[in-house]
Amino acid sequence: MKHTAKNLGKVIVVGSGAGGMSAAVRLANQGWDVTVLEKEATPGGRLSAIQAEGYSIDVGPTIMMMNDVFHQYFKDLGRNIEDYLDLVRVNPCYHLHFTDGTCMKPSIDLKELLDEIRSFNPDDVDGYLRYLAQIHRRYQVAREKFIEKSFTKPSDFFNIDTLIGMMQLRTLNNMYDDIARFIKDERLRISLTFQAIYLGVSPFDAPSIYTLIGYVEHGLSGVWYPKGGMNAITQALVKLLGEFGGSLRVNAEVEQILIEQGRAVGVRLANGEVLKADVVISNADFPYTMENLVPASHRGKYTPQKLNSMEVTCGAFMLYLGVNRRYDNLHLHNIYFTPDYKYSMDELFTRQQLPQDPAMYVYRPTKYDDSVAPPGKDIIYVLVPVPNLSSGIDWKKETHRYRELVIKKLERQGVTDLSKHIEFERIYTPETFQNRFNTYQGAAFGLAPSLFQSGYFRPHIKSKEVPNLYFSGASVHPGGGVPVVLVCGKLVSEQVLADHNLSWQPKMMTAGLSASY
């Protein structure tokens, strides 16, 4: 059955990615009439899945952390997360393969983790404990004063409390240099800084606060896997939307956000259909929204020149493979590094060259979940960080060559005879991300979370120029990563309520209902 709306107003959400769906579900829960418009045939954006030939392969994010954010999200809605998601804790967090033949398997058990660190370098056990001792407080400050707080006006950011928070975060050095204060072994330094790639930036450039990601994985909440893959999160959000009376329209591409008398009043679809609304939330990538959906006269400072000057993340070369055998030597999350960490990062981010000996991330969900592939078969998902489209790389010429290079490296790394066992394959390049997901310059992770593109300096969730227009997603505050984007949706929903002189009304905890459409 559906929740009966209170008709507080009409909301249109452009795009069904995690940020848009997060806001949509919360506003529907509070009684707004919500419609989500998705240009693709299936919901989720980069949190969707490829469904073909018995395989269900996640398209984008695959590592779930900060599980408390997900639990709180469902609790706020009066729902039990267990009725929507089957979460399994992953241990070890991942397998990290170094070129000297060693493999680190970070455990969620502190003693086991310290024993493994000791096997790499006994002197670094003390350093790791000192890292843990200082990072927890920094994590708390980041959550309370930056991630879970919106910055829509200068006074939200330029105040004593925020200044103290920035001093506590020690944001002025980079991830690698910050970790180097505690850890001497290069392999261990890599294990605590490679997470910058989750954000699409180099650990030699990313603000030091992002060293908290390793802490979240190893020392706090751990890494989790939702049965059915990360797309199960999208399916849960779609189900919730239906339960609260909202609707989702697929194959509904938005051509323009309509602005009348200076206010957002709805959207026009590519087929010419006009839909009116009291509130418009764009979950399309922020630069795309400004460049294509918002009329030029209402973009404020986000001119084409401004957008072109902003730093974006790297691209991704993706292989989605269904294979007719099992590779039980692979973990759920596997990362293969290169001989020279700094050189590889500079090659990718500074020189914007296509790595000829690429670092690779391999995801094998069948390690924990047989439901995503036919019996006896496996999924091999490969992500190779590559330059975005500003590099000028011609992917029409490079795709086949680079695919062969990646497959051969995987085979050398123990994914034996992979080329002989592929029965299903899709390839995404930065061009795919630009064309299908409307990401600016084909950047896989949105705008870069550099120091001056974070907090108040990142695009805001609320338009300064256009009342009733809001933004969500990885390219706006508070940033990227599925849990953080869920928080973004929460902040957007709270801002909409506040702008209409309303506040969040908690719901009593109930079991899930079956949605009908």
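Owing to the predicted nature of the structure, the values given are computational and were not obtained by experimental measurement.
Counting heavy atoms from C-beta outward, Pro287 and Leu447 have side chains that approach closer than 4.5 Å. Counting heavy atoms from C-beta on, the side chains of Thr313 and Asn388 never come closer than 4.5 Å. Residues Ser493 and Trp32 form no side-chain contact, since every pair of their non-hydrogen atoms from C-beta on lies 4.5 Å or further apart. With contacts defined as side-chain heavy-atom distances shorter than 4.5 Å, the pair Met21/Thr234 does not qualify. Residues Ser107 and Asn91 meet the side-chain proximity criterion, which asks for heavy atoms closer than 4.5 Å. In this structure, Leu383 and Thr62 have side chains that are not in contact, with every pair of non-hydrogen atoms separated by 4.5 Å or more. Annotation: side chain of His477 is not in contact with side chain of Pro459 (no heavy-atom distance under 4.5 Å). Contact of the Asn80 side chain with the Lys75 side chain is not registered, since no non-hydrogen atoms from C-beta on lie closer than 4.5 Å.
Within the cation-pi definition used here (under 6.0 Å to the ring centroid, within 45° of the axis), Arg26 qualifies as a partner of Trp504. Relative to the ring axis of Tyr327, Arg325 places its NZ or CZ within 45° and under 6.0 Å from the centre.
Between Tyr131 and Tyr128, the ring center distance clears the sub-6.0 Å criterion.
Put simply, CE on Met360 and CG on Leu410 are 4.0 Å apart, with the number rounded to the nearest 0.5 Å. With values rounded to the nearest 0.5 angstrom, Leu240 atom CG is found 8.5 Å from Asn29 atom CG. In this structure, the separation between CD on Glu431 and CZ on Arg436 is 15.5 Å, given to the nearest 0.5 Å. In this structure, Leu37 CG and Leu275 CG are separated by 6.0 Å, a value rounded to the nearest 0.5 Å. In this structure, the separation between CG on Leu188 and CD1 on Ile183 is 6.0 Å, given to the nearest 0.5 Å. Atom-to-atom distance recorded for Ile422:CD1 and Asp417:CG is 11.0 Å, nearest 0.5 angstrom.
Aromatic ring orientation, Tyr361 versus His333: parallel (interplanar angle below 30°, classes split at 30° and 60°). Between Phe337 and Tyr341, the ring planes are perpendicular. Angles over 60° get that label, and only those under 30° would be called parallel. Using the six-membered ring where Trp is involved, Trp395 and Phe317 have ring planes that are parallel, under 30° apart on the 30 and 60° scheme. Using the six-membered ring where Trp is involved, Phe437 and Phe433 have ring planes that are tilted, between 30° and 60° apart. The aromatic rings of His95 and His331 lie parallel to each other, with less than 30° between the two planes, well short of the 60° mark. Aromatic ring orientation, Phe471 versus Phe286: perpendicular (interplanar angle above 60°, classes split at 30° and 60°).
Tyr320 contributes a side-chain N or O that, together with a main-chain N or O of Val59, makes up a donor-acceptor pair within less than 3.5 Å. Proximity of a side-chain donor or acceptor of Glu38 to a complementary backbone N or O of Gly44 within less than 3.5 Å is not detected. When atom types are taken as modelled, the side chain of Glu253 and the backbone of Asn251 share no donor-acceptor pair closer than 3.5 angstrom. With hydrogens and angles disregarded, no donor-acceptor distance shorter than 3.5 Å links the side chain of Ser247 to the backbone of Thr35. Without hydrogens or angle criteria, Thr102 side chain to Phe98 main chain gives no donor-acceptor distance under 3.5 Å. With hydrogens and angles disregarded, no donor-acceptor distance shorter than 3.5 Å links the side chain of Arg364 to the backbone of Leu332. The main-chain N or O of Ile63 is never found under 3.5 Å from a side-chain atom of Tyr225 such that the two would form a donor-acceptor pair. Remark: the backbone N or O of Ser22 is paired with a side-chain donor or acceptor of Tyr73 at under 3.5 angstrom.
With sequence neighbours left out, the salt bridge (Lys or Arg N to Asp or Glu O under 4.0 Å) criterion links Lys377 to Glu423.
Ser48 and Thr42 share no donor-acceptor pair across their side chains, judged by distance under 3.5 Å alone. Side-chain atoms of Thr366 and Asp378 form a donor-acceptor pair, as typed in the model, at a separation below 3.5 Å. Defined by atom type and a distance below 3.5 Å, a donor-acceptor pair is present between the side-chain atoms of Ser56 and Gln51. Using modelled atom types, one finds no donor on one side chain facing an acceptor on the other under 3.5 Å when comparing Gln134 with Tyr215. In the model, Asp76 has a side-chain atom that pairs as donor or acceptor with a side-chain atom of Gln72 under 3.5 Å. No side-chain donor-acceptor contact under 3.5 Å links Asp58 and Tyr381. A donor and an acceptor atom, one from each side chain of Tyr94 and Glu217, are located under 3.5 Å apart. Between the side chains of Ser475 and Arg458, no donor N or O sits under 3.5 Å from an acceptor N or O. A side-chain N or O of Asn283 and one of Ser472 form a donor-acceptor pair less than 3.5 Å apart.
Under a 4.0 Å N-O distance rule, the pair Asp83/Lys239 does not qualify as a salt bridge. Ionic pairing of Glu404 and Lys408 is not present here: no N-O contact between side-chain nitrogen and carboxylate oxygen is shorter than 4.0 angstrom. Salt bridge status for Asp100 with Arg187: present, with a side-chain N to carboxylate O gap under 4.0 Å. For the pair Lys227 and Asp370, the salt-bridge criterion is not met [side-chain N within less than 4.0 Å of a carboxylate O]. Taking 4.0 Å as the cut-off between side-chain N and carboxylate O, Glu116 and Lys105 do not count as a salt-bridged pair.
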Next item on the list: Verify salt bridge (charged side-chain N to carboxylate O under 4.0 Å, His left out) between Asp357 and Lys409, making sure each step is shown before the conclusion.
Entry: CA-CA 8 Å; Asp357 181 17; Lys409 179 167 183 176; 2.8 Å; yes
Next item on the list: Could you go through the side chain to side chain contact (heavy atoms under 4.5 Å, CB included) check for Met66 and Val216 one step at a time?
Entry: CA-CA 7 Å; Met66 294 174 69; Val216 170; 3.8 Å; yes
Checklist line | Evaluation steps, salt bridge (charged side-chain N to carboxylate O under 4.0 Å, His left out), between Lys111 and Asp109 | finding: CA-CA 6 Å; Lys111 182 185 181 303; Asp109 180 272; over 6 Å; no
